[in-house]
There are 4 protein chains.
Amino acid sequence: MIVWSKSASFRHCRASPVTKHTPRARLVSNSRPFRRAEEIIDAAARVFAERGYHGASTQDIADVLGMRQASLYYYFASKEAALELVCARGVEGHAEAAEAIVAGLDPPLGKLAKLIAAHLAPNATKRDYVKVFINERRYLPTASRRRIGRVSRRIEGNFERVIQAGIADGSMRRDIDPHLAMLSVLGLCNAVINWRRADQAMAVDSIAAQFATLLADGLATNCKRRPRKGL
Amino acid sequence: MIVWSKSASFRHCRASPVTKHTPRARLVSNSRPFRRAEEIIDAAARVFAERGYHGASTQDIADVLGMRQASLYYYFASKEAALELVCARGVEGHAEAAEAIVAGLDPPLGKLAKLIAAHLAPNATKRDYVKVFINERRYLPTASRRRIGRVSRRIEGNFERVIQAGIADGSMRRDIDPHLAMLSVLGLCNAVINWRRADQAMAVDSIAAQFATLLADGLATNCKRRPRKGL
Amino acid sequence: MIVWSKSASFRHCRASPVTKHTPRARLVSNSRPFRRAEEIIDAAARVFAERGYHGASTQDIADVLGMRQASLYYYFASKEAALELVCARGVEGHAEAAEAIVAGLDPPLGKLAKLIAAHLAPNATKRDYVKVFINERRYLPTASRRRIGRVSRRIEGNFERVIQAGIADGSMRRDIDPHLAMLSVLGLCNAVINWRRADQAMAVDSIAAQFATLLADGLATNCKRRPRKGL
Amino acid sequence: MIVWSKSASFRHCRASPVTKHTPRARLVSNSRPFRRAEEIIDAAARVFAERGYHGASTQDIADVLGMRQASLYYYFASKEAALELVCARGVEGHAEAAEAIVAGLDPPLGKLAKLIAAHLAPNATKRDYVKVFINERRYLPTASRRRIGRVSRRIEGNFERVIQAGIADGSMRRDIDPHLAMLSVLGLCNAVINWRRADQAMAVDSIAAQFATLLADGLATNCKRRPRKGL
DNA sequence: TATGAATGAGCGTTCATTCAT
DNA sequence: TATGAATGAACGCTCATTCAT
């Protein structure tokens, strides 16, 4: 339940003001106390996604939760640790899903389509986490950036191997560089999370996946049209 | 007491563009014994009184308190907010006291004398606050200056109405302008706070009240001597 | 290239912007170059009067003049020096005028009325200077504050001596303290400069002088009404 | 003589209350060789690109330049103003180039390829500016974000209109949404700036343009292969 | 006579973090 | 599990002042 209580002009009371205007949503749980940790990192994801890591303060996170800034430190050791947590959750499962697809029996082009769809799926289910991973992971301290980086590379590897396989079996053009192709596909996929929500609503699920498929088609050999050289 | 402070209304995570904090005024009661907070605004009053608002730094206030300058911001949201707090306390009760007197049964001249005495009384009990109100309220940001200004006007109104009543019932000269008379009486009263301490010690409570009473007498009709030109 | 920036993208361009709104006044002389110094201290007086010494920046002064901040230092050695200049001009002549009146032949009550009128006269002719003297002289560095203080004391002395004379010759009540009476009269006179302009327009010249005369009347012995004791 | 000329927003000496500086946007031309200014915004671009707007401090910028941090403010009015300057330069010319291409005689697919190439070209010549525009423009204050936003929309409009033209003349599939296609193309293009430098070296100018061209091919109708579901 | 460029000092404020409770 | 109180560090910014020109 959400409770709006009155209190003082002091900073620490920020979360319980007597507001005159329509109150805004605050994330507060009164059931299932062991879920509290989830809520806290959820709030962090939300705030980091909205304002960027450096643009967000721990106070902002506390505000969303209706708790005091200091209390956050019961749940994470530092702001950077919170960022790593959010980023980690933002790629959680991506690599495994990709590997499962690559291990499957589809032809390379089919695999690529599936990889794209799988890569975009979490945009719908954990938007904020994915957005933070994409936009903010660069601000992680070296150690954890490397940890997260390993996951990124696993994902990229899967895309790249599929493209290589496509070139090898002749289903994709041989005039492309697999590495740059992979970067392009992922670049497009990752751009989606920053689209306006309305655009994204169309993209996530199906549409964007299909546009990505167009890219796969672009790579396909049975496309009569040749790229102009040296453009 | 009632205090207006700035505070954050966190806007629900919207996608980019990033929203900024646009703090809103909040009505906050601090009736419970926030002892430390009292000390802090006391120190602010002292320092503002001594050096003027712009001449005083928050560091000066912190020095008086023996705490770090940054720690002040736990107690007030901004230097300007501290000024408003001090100013508000500097006029607190003035208007109410004046209204009580005006509502009483004394004749206008008696009321005027009482108004003057009541107006000067706080000079003894909360010197710094009154001094800051008188000398520094002009540096308040527009919004709070207006709030404080409303109180000033209530006080002025009471003085003016009593003078009008005195003119109406014939106990005061009809050749004076009530508005200017009010300004003069208050001008003199408010000057006292800036006197040298030794002079003030005599003024506050009795002496200054007596001089002010002389002024009241100056306004009285039963004074034989007439001012020179066409007043 | 064309650039939109807040205020000025280049600080030094402040004085030559392309403004879209109705232009505001700037004090610029194109004749009599040797008068420039006058204009500069005039601008300082204006700005100090409006914003207070500490609330005003040298940039503010430069803005009024349409010149660069650094150029001011050709005319005065420091901001404090400018303040002293303005303050000095704010009391210039006051003491002499008062002394001339006191040396005259009027009876004490007449002298007091003349002193008041003379004291208020400069409010009309050099408002800003007087206002700065009254409100800001406390911020002068010790040395110059003492210099200016000597003038103040001369003025006060004249008022006080006249009151003493009035008491001595029986034309003023003997139950008043001449020192406090002097402070009261000057307190009222000095308050006028801070009144709203509309009020002041009435005060300066005649009305306020006449109210001050009321105070002299209040001090006069031929007033039947006695002050209540111990109010 | 006194001349009232247009300029600075100084408010003519009003009596208290004190007026504040309320700076207004001002149009300033800096066509003359403000060399140092160029260096300063170059440094800002570099630092913002490297660490992100909020991750970079003005001290960081000053360090790059070997000057004191305070001195920066001689060249720009605020950190935000510097960001806007950098962002503005990051898109400068993009819209015009795009419009020139669209106004040309090429068929839609050819125009699209040219648009892509033109859009990527500045990546090589003003990397930092473009990167800041793409990654950090969301942190601009509302007013300037809108100004910059107008340019973005012009660019997007050109891409979208070309795609619409392609659909209209049958050279591009009619089963695609022009808006999403535009977003995808630009999403991919804009991703390039964040690639590792080694990858980018290949992309900028030719390679990435070629991959983007592949995407254009993906959009072309003469591609036999159809995307799976109901596109 | 005035300016462009720069600076050192300091200011108000924010922020991540700590710690006793 | 959470908070009130406080802090050190740094941040963006302003300001009076200097100085070569």
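In what follows, chains carry the letters A, B, and so on, assigned in the order in which the sequence lines appear, proteins first and then strands, with residues in each chain numbered from 1. Since the structure is predicted, the reported quantities are computational estimates derived from the model, not experimental observations. All values below come from the heavy atoms of this structure, side chains included, with hydrogens, waters and symmetry mates left out.
Neither OP1 nor OP2 of E:dA6 sits under 4.0 Å from any side-chain N or O of D:Arg68. The phosphate of E:dT7 has OP1 or OP2 within less than 4.0 Å of a side-chain N or O from D:Ser71. Using a 4.0 Å cut-off, no side-chain N or O of A:Ser57 falls inside it from OP1 or OP2 of E:dT14. The phosphate of E:dT1 has OP1 or OP2 within less than 4.0 Å of a side-chain N or O from C:Tyr74.
When distances run from any side-chain atom of A:Thr58 to the nucleotides E:dA6, F:dT17, E:dT17, the shortest one goes to E:dT17.
Between B:Ile40 atom CD1 and F:dT7 atom C1' the separation is 14 Å, expressed in whole Å. Between A:Tyr73 atom OH and E:dC19 atom C1' there is a gap of 13 Å when expressed in whole angstrom units. If you measure from atom CG of A:Leu83 to atom P of E:dA16, you get 12 Å, rounded to the nearest angstrom. As a whole-Å value, the separation of A:Asp63 CG from E:dA16 P is 12 Å. Atom P of nucleotide E:dT1 and atom CD of C:Glu38 are separated by 13 Å, given to the nearest angstrom. One can place OH of B:Tyr75 at 18 Å from P of E:dT13, the figure rounded to the nearest angstrom. The nearest whole Å value for the distance from the NZ atom in C:Lys79 to the P atom in F:dT14 is 15 Å. Distance CZ (B:Arg35) to P (F:dG4): 17 Å, rounded to an integer number of Å.
The base of E:dC15 is not paired with the side chain of A:Gln69 by any donor and acceptor separated by under 3.5 Å. If you check distances only, the side chain of B:Gln59 never reaches the base of E:dG12 with a donor-acceptor pair under 3.5 Å.
For E:dA20, the paired nucleotide is F:dT3, the pair qualifying as Watson-Crick or G-U wobble because both relevant distances are below 3.5 Å. Of the nucleotides present, F:dA10 is the one that pairs with E:dT13 by Watson-Crick or G-U wobble criteria, both distances under 3.5 Å.
A donor-acceptor pair shorter than 3.5 Å can be found between the side chains of B:Asp42 and B:Tyr129.
Annotation for C:Pro141 and C:Glu80: closest pair CG-OE1, 3.6 Å, computed over non-hydrogen atoms. The two residues C:Phe48 and C:Lys79 have their closest heavy-atom pair at CE2-CE, 4.0 Å.
The distance from the CZ atom of D:Arg46 to the CG atom of D:Leu65 is 8.0 Å, given to the nearest 0.5 Å.
Comparing A:Ser78 and B:Ala70 by the nucleotide of DNA chain E whose heavy atom lies nearest to each, the residue mapping closer to the 5' end is B:Ala70. Closest-nucleotide positions on DNA chain F for C:Ala56 and D:Tyr53 were compared, and the one nearer the 5' end corresponds to D:Tyr53. Nearest-nucleotide assignment on DNA chain F puts the 5′-proximal partner with A:Leu72, out of A:Leu72 and B:Leu72.
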* Does the pair B:Glu84 and B:Arg147 meet the rule for a salt bridge (charged side-chain N to carboxylate O under 4.0 Å, His left out), with working shown? -> CA-CA 9 Å; B:Glu84 181 174 4; B:Arg147 273 194 296 277; 2.9 Å; yes
* Would B:Arg36 and B:Glu39 satisfy salt bridge (charged side-chain N to carboxylate O under 4.0 Å, His left out), going step by step from the backbone distance to the final call? -> CA-CA 5 Å; B:Arg36 190 80 179 131; B:Glu39 286 171 33; 2.6 Å; yes
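Among the heavy atoms of the strands, none lies under 4.0 Å from D:Ala62. D:Ala82 comes within 4.0 angstrom of no nucleic acid atom, judged by non-hydrogen atoms across all strands.
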